[in-house]
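I'd like to ask you about the structure that follows.
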Number of protein chains: 2
Amino acid sequence: MEQDIFRALADPTRRTIFEKLAAGGMNASALREGMAISQPAMSQHLAVLRQAGLVREERQGRFINYEVDPDGLALIAHWLAKYRAYWPARIDALKDLLRDMDQ
Amino acid sequence: MEQDIFRALADPTRRTIFEKLAAGGMNASALREGMAISQPAMSQHLAVLRQAGLVREERQGRFINYEVDPDGLALIAHWLAKYRAYWPARIDALKDLLRDMDQ
DNA sequence: ACGTCAGATAAGTGTATGCTTATGTTTATT
DNA sequence: AATAAACATAAGCATACACTTATCTGACGT
C-alpha cells in the first residue's frame with residue numbers, strides 16, 4: 001500500500017535502517033550496531049518496514065536475515081512515474097542508470 | 001530536506017492535494033472543492049508541502065496559485081536512485097519514460 | 001473608507017506514533 | 001532438559017501531528 005510506504009519512510013530511523021540494509025542484508029542485532037536503539041525499537045521498526053513491503057525477512061536458524069524488498073521500491077518508482085511531466089530534465093543520473101539496465 | 005519530503009507525503013490528504021496540483025495549478029479554494037476539508041486545514045497542508053519543496057506558490061492579486069514544484073520530485077528521484085541496484089528489472093514504464101525524455 | 005473575499009496564523013484537543021520496560025516465543029547449545 | 005540467544009509482543013507514556021474554532025492579514029470592489 002502506498003500509505004504504508006510513505007509512512008514507513010517518514011521516520012528518519014527507519015530510513016537509516018533501510019539504507020543499512022541496502023548495503024547488504026543482515027540480522028537485527030547487526031543492524032543495531034552503532035545505532036543507539038533498543039532491541040524492541042528495532043524490532044518494531046523492522047515490522048513497519050516489512051509491512052510496507054520495503055524489507056523482507058528470512059529465518060536462518062536462530063537468526064533472521066533482513067534485506068531490501070524490491071517490491072517496495074517499485075511502488076515508489078511507480079508513484080513517482082505518475083508525475084514524470086514535472087521531472088526536471090537535468091536528472092541525468094536516472095537516465096544513465098536506466099541506460100545501464102537496458103544492457 | 002529529505003525528512004520534510006517523506007513526512008509531507010506520509011499524509012494521505014496531502015498526497016491527494018499534490019495529485020490534484022499535478023493535474024494543473026490552482027488556488028486553495030479550488031483545491032478544497034469536493035474534499036471535505038476546512039480552510040485552515042488546507043492552508044496548513046499547503047504550508048507543509050511548500051516547506052518540503054513539493055509545491056510552490058505565486059501570488060495573483062487576491063488569489064494564490066499553487067503548483068507542483070519539480071525540485072521536490074527531483075529529491076525523491078535522487079533518493080530512489082540510490083537503491084537502483086534493487087529495482088526490479090520489470091519497471092518498464094520508467095524505462096519508456098526516460099527513453100521519451102531522451103528525444 | 002468600508003465591507004468582502006482569499007488565505008494565514010493562533011490556540012486548543014484527540015489520536016497516532018515512537019519509545020520504554022517487562023515478558024513471550026522460537027531455535028540452538030550443552 | 002535446561003539455559004541462552006535472537007527476536008516478537010504487550011502495556012504504558014510522552015511527544016508529534018492533524019484537526020477544530022476563532023482571529024488576523026492582505027487585496028480587491030464599491
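Here is how names work: the chains are called A, B, and so on, in the same order as the sequence lines, proteins then strands, and each is numbered from 1. Since the structure is predicted, the reported quantities are computational estimates derived from the model, not experimental observations.
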Do the side-chain N or O atoms of Tyr66(A) get closer than 4.0 angstrom to the phosphate oxygens (OP1, OP2) of dA6(D)?
no

Could you write nucleotides 17-22 of chain D as a row of B, S and -, 5' to 3', where a protein heavy atom under 4.0 Å of any base atom gives B, of only sugar-phosphate atoms gives S, and otherwise -?
SSBBBB

Which residues pass the ring-ring contact (aromatic ring centres under 6.0 Å, His included) test with Tyr66(A), sequence neighbours left out?
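So Tyr66(A) forms no ring-ring contact (aromatic ring centres under 6.0 Å, His included) with any residue.
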
Mind checking Ser43(B) for me? I need base, sugar-phosphate or nothing, with any heavy atom below 4.0 Å counting as a touch.
base

Could you list the donor-acceptor pairs under 3.5 angstrom formed between side-chain atoms of residues 46-57 of chain A and any protein atom two or more places apart in sequence or on another chain?
| from | atom 1 | to | atom 2 | distance (Å) |
| --- | --- | --- | --- | --- |
| Arg50(A) | NE | Glu57(A) | OE1 | 3.2 |
| Arg56(A) | NE | Glu67(A) | OE2 | 3.0 |

Going by the salt bridge (Lys or Arg N to Asp or Glu O under 4.0 Å) test, which pairs reach into residues 4-15 of chain B, not counting sequence neighbours?
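Sorted pair list: Glu2(A)-Arg15(B).
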
Any Ser29(B) side-chain nitrogen or oxygen under 4.0 Å from OP1 or OP2 of dG7(C):
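Ser29(B) to dG7(C) OP1/OP2: side-chain N or O found under 4.0 Å.
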
To the nearest Å, how far apart are Leu46(B) CG and dA8(C) P?
7 Å

Restricting to nitrogen or oxygen on both sides, can you table the protein-nucleotides 25-30 of chain D pairs closer than 3.5 Å?
none

Glu58(B) CD to dG7(C) P, in whole Å, measures 13 Å

List the atom pairs, donor and acceptor, that lie under 3.5 Å between side-chain atoms in residues 20-33 of chain B and the rest of the protein, sequence neighbours left out.
| from | atom 1 | to | atom 2 | distance (Å) |
| --- | --- | --- | --- | --- |
| Lys20(B) | NZ | Leu31(B) | O | 2.9 |
| Lys20(B) | NZ | Glu33(B) | O | 2.9 |
| Asn27(B) | OD1 | Ser29(B) | N | 3.1 |
| Asn27(B) | OD1 | Ala30(B) | N | 2.8 |
| Arg32(B) | NE | Ile37(B) | O | 3.0 |
| Arg32(B) | NH2 | Ile37(B) | O | 3.2 |

Length of the line joining Asp4(B):CG and dA16(D):P, which is rounded to integer Å
15 Å

